[in-house]
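Below, chain A is the first sequence line, B the second, and so on; all start at residue 1. Any value given below was found using the heavy atoms of this structure, including those in side chains, with hydrogens, waters and symmetry copies removed.
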There are 2 protein chains.
Amino acid sequence: MGISLRRKETSERRRDTILHAARTVFARKGYAATVVEDIAEEAGIGKGTLYLYFPSKEQVYLAALLEDARTLDAESRGALAEAPSWRDALRRYVEVRLSYFEAHEDFLRIYMTEFRGMCMQGRPLSAELYRLAQDGEALLAQRFAAAAARGEMRAADPELAALMVSDVTRGLIERRLRGWGRPVSAGDTAFAVDMLCRALER
Amino acid sequence: MGISLRRKETSERRRDTILHAARTVFARKGYAATVVEDIAEEAGIGKGTLYLYFPSKEQVYLAALLEDARTLDAESRGALAEAPSWRDALRRYVEVRLSYFEAHEDFLRIYMTEFRGMCMQGRPLSAELYRLAQDGEALLAQRFAAAAARGEMRAADPELAALMVSDVTRGLIERRLRGWGRPVSAGDTAFAVDMLCRALER
DNA sequence: ATAATCAAACTGACTGATCAGTCATTTTGC
DNA sequence: GCAAAATGACTGATCAGTCAGTTTGATTAT
């Protein structure tokens with residue numbers, strides 16, 4: 001019993017090690033160019049061992065994404081819960097996402113590049129990932145709807161408003177990543193938030 | 001001479017056939033999953049023949065994108081040139097891009113999925129494609145700057161404003177493509193344009 | 001304390017499949 | 001009759017996933 005527990009611990013730690021390595025390598029080389037052995041090497045284990053923890057390359061990839069997606073979702077929820085007004089909610093939403101992606105550039109890089117592409121290829125990948133990807137927007141939409149109902153902001157289509165906020169945020173993030181085009185500064189973020197607030201003002 | 005001219009004509013037509021086929025197949029299966037033979041088959045030629053017209057799979061891919069990117073750029077320019085006010089420019093910009101992508105879903109699918117991913121992988125692909133991808137936004141930014149200088153709209157950062165318009169447009173397009181999430185209607189587009197105008201009003 | 005045992009964990013050489021690009025040969029149409 | 005165009009079988013490289021063999025370390029026997 002004590003034994004099996006210790007076993008479980010080290011086994012989970014190893015799983016994490018693999019996921020961490022996978023994020024690093026996938027982020028650096030992209031999904032297609034990453035070879036499973038690269039991940040194993042980065043994790044300091046043999047290729048065969050990796051397959052004891054995950055059934056396929058794709059599952060490693062999705063698991064790496066999922067973990068981060070869950071954390072980001074939790075942080076988004078926290079930020080929105082604390083926001084007193086819809087303006088605060090909007091600002092926090094943008095800020096929390098920008099800072100999360102800044103602190104987890106690996107995740108960002110993977111998410112932005114391949115996952116979205118895979119999504120659009122229509123391949124059914126992970127129901128939970130799809131859900132998490134939408135939950136952030138849905139949460140913001142709820143806040144907007146409540147505020148609109150209270151007459152605090154423009155009443156038209158809170159859902160689409162949330163989607164717009166989300167799109168602008170994604171734009172800010174992507175532009176920070178991309179090697180070309182205008183890099184986005186902190187001031188730009190404030191400006192974008194301000195513009196979005198204006199658009200939604202009563 | 002007459003001969004070489006006719007040769008040139010058919011040769012260019014064949015090139016176009018290949019590009020057309022490539023768009024279809026890349027759009028359906030994605031870059032990685034597409035096999036060069038698929039493209040050749042779709043074009044009704046042998047694989048070897050394809051390599052007489054293009055040096056590599058990647059170059060076929062980029063050429064297919066480039067052609068559409070040029071057309072889209074031209075249409076965007078036309079639309080913006082005719083717009084009397086900055087509001088019209090904004091609306092037309094969104095509309096022309098949405099309708100272009102709607103009429104060329106293949107292009108859209110390729111562009112949205114793989115090209116942007118490749119960009120973010122930092123691989124140097126095609127200077128002209130990079131330029132074209134930015135030109136649309138730059139043009140809109142110019143219009144905004146001129147309008148702002150004339151005091152017709154809010155004077156703050158026309159460039160970032162154009163980026164935001166571009167991001168929202170992209171969001172509308174992507175949501176129309178993706179199999180999940182809220183599908184975007186024509187009314188949504190009008191709403192988004194309206195919101196963006198409000199954000200930029202004096 | 002030390003050795004023997006054994007199952008679970010680990011490993012990396014191997015396999016089968018895939019595919020970009022080539023080139024010796026065939027076809028076309030002038 | 002011939003040069004340009006077209007072809008598709010072939011090659012070499014790559015890689016996901018497997019599995020026969022090795023290591024580890026906990027447990028039991030001496």
Side-chain angles (χ1 to χ4, degrees), chain A residues 1-26 28-65 110 114 118 121 123 125, chain B residues 1-26 28-65 110 114 118 121 123 125:
Chain A
M1 217 264 235
I3 290 162
S4 70
L5 183 59
R6 181 145 67 251
R7 282 267 156 85
K8 185 139 182 284
E9 272 178 10
T10 59
S11 157
E12 249 159 42
R13 189 166 301 138
R14 175 139 298 184
R15 206 187 119 97
D16 280 348
T17 307
I18 295 172
L19 286 183
H20 184 75
R23 258 193 294 273
T24 307
V25 180
F26 279 136
R28 185 165 60 232
K29 313 179 66 166
Y31 182 80
T34 292
V35 171
V36 173
E37 231 165 330
D38 292 344
I39 301 173
E41 198 176 343
E42 177 80 24
I45 61 171
K47 192 197 336 191
T49 308
L50 187 146
Y51 278 94
L52 295 176
Y53 291 85
F54 297 93
S56 69
K57 179 184 175 183
E58 189 177 278
Q59 286 305 311
V60 175
Y61 174 74
L62 291 176
L65 277 186
I110 302 172
E114 260 106 6
M118 287 182 182
Q121 238 27 255
R123 203 139 51 98
L125 291 173
Chain B
M1 217 263 235
I3 290 162
S4 72
L5 184 59
R6 181 146 65 250
R7 281 268 156 83
K8 186 142 182 279
E9 273 176 8
T10 59
S11 155
E12 251 159 41
R13 190 165 301 138
R14 175 138 301 184
R15 206 187 119 99
D16 280 348
T17 306
I18 295 171
L19 286 183
H20 183 74
R23 257 192 296 273
T24 306
V25 181
F26 279 136
R28 187 166 56 231
K29 313 178 65 166
Y31 181 81
T34 292
V35 172
V36 173
E37 232 166 330
D38 291 343
I39 301 173
E41 198 176 341
E42 177 82 23
I45 61 172
K47 196 208 315 206
T49 309
L50 187 146
Y51 279 95
L52 295 176
Y53 291 85
F54 296 93
S56 69
K57 178 184 175 184
E58 188 177 281
Q59 286 305 310
V60 175
Y61 174 73
L62 291 176
L65 277 186
I110 302 170
E114 258 105 8
M118 287 181 182
Q121 238 28 255
R123 202 139 51 97
L125 291 173

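The backbone N or O of B/I39 lies less than 3.5 Å from no partner atom in the side chain of B/K47, so there is not a single donor-acceptor pair. In this structure, the side chain of A/K57 engages the main chain of A/T34 through a donor-acceptor pair within 3.5 Å.
Atom OH of A/Y61 is separated from atom C1' of D/dG17 by 20 Å (rounded to the nearest Å). The CD-P distance, from B/E37 to C/dT22, rounds to 15 Å in whole Å. D/dG17 atom P lies 11 Å from atom CD1 of A/I39, rounded to whole Å. Across the protein-nucleic acid pair, B/E41 atom CD and C/dC19 atom P stand 13 Å apart, rounded to whole Å.
Between B/R14 and the phosphate of D/dA6, there is a side-chain N or O to OP1/OP2 separation shorter than 4.0 Å.
Within 6.0 Å of atom CD in B/E41, 12 or fewer heavy atoms from other residues, nucleotides or ligands are found, so the atom counts as exposed in its surroundings.
Ring-plane geometry between B/F26 and B/Y31 is classed as parallel, the angle between the planes falling under 30 degrees on a 0 to 90 degree scale with a further cut at 60.
Non-hydrogen atoms lying under 4.0 Å from DNA chain C are contributed by B/K47, B/Y51, B/S56, B/K57, all within residues 44-59 of chain B.
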Between A/Y53 and A/S11, does a side-chain contact (heavy atoms from CB on, under 4.5 Å) hold up when you go through it step by step? CA-CA 9 Å; A/Y53 291 85; A/S11 157; 3.7 Å; yes
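A salt bridge does not link A/R23 to A/E42: none of the charged side-chain nitrogens sits closer than 4.0 Å to a carboxylate oxygen.
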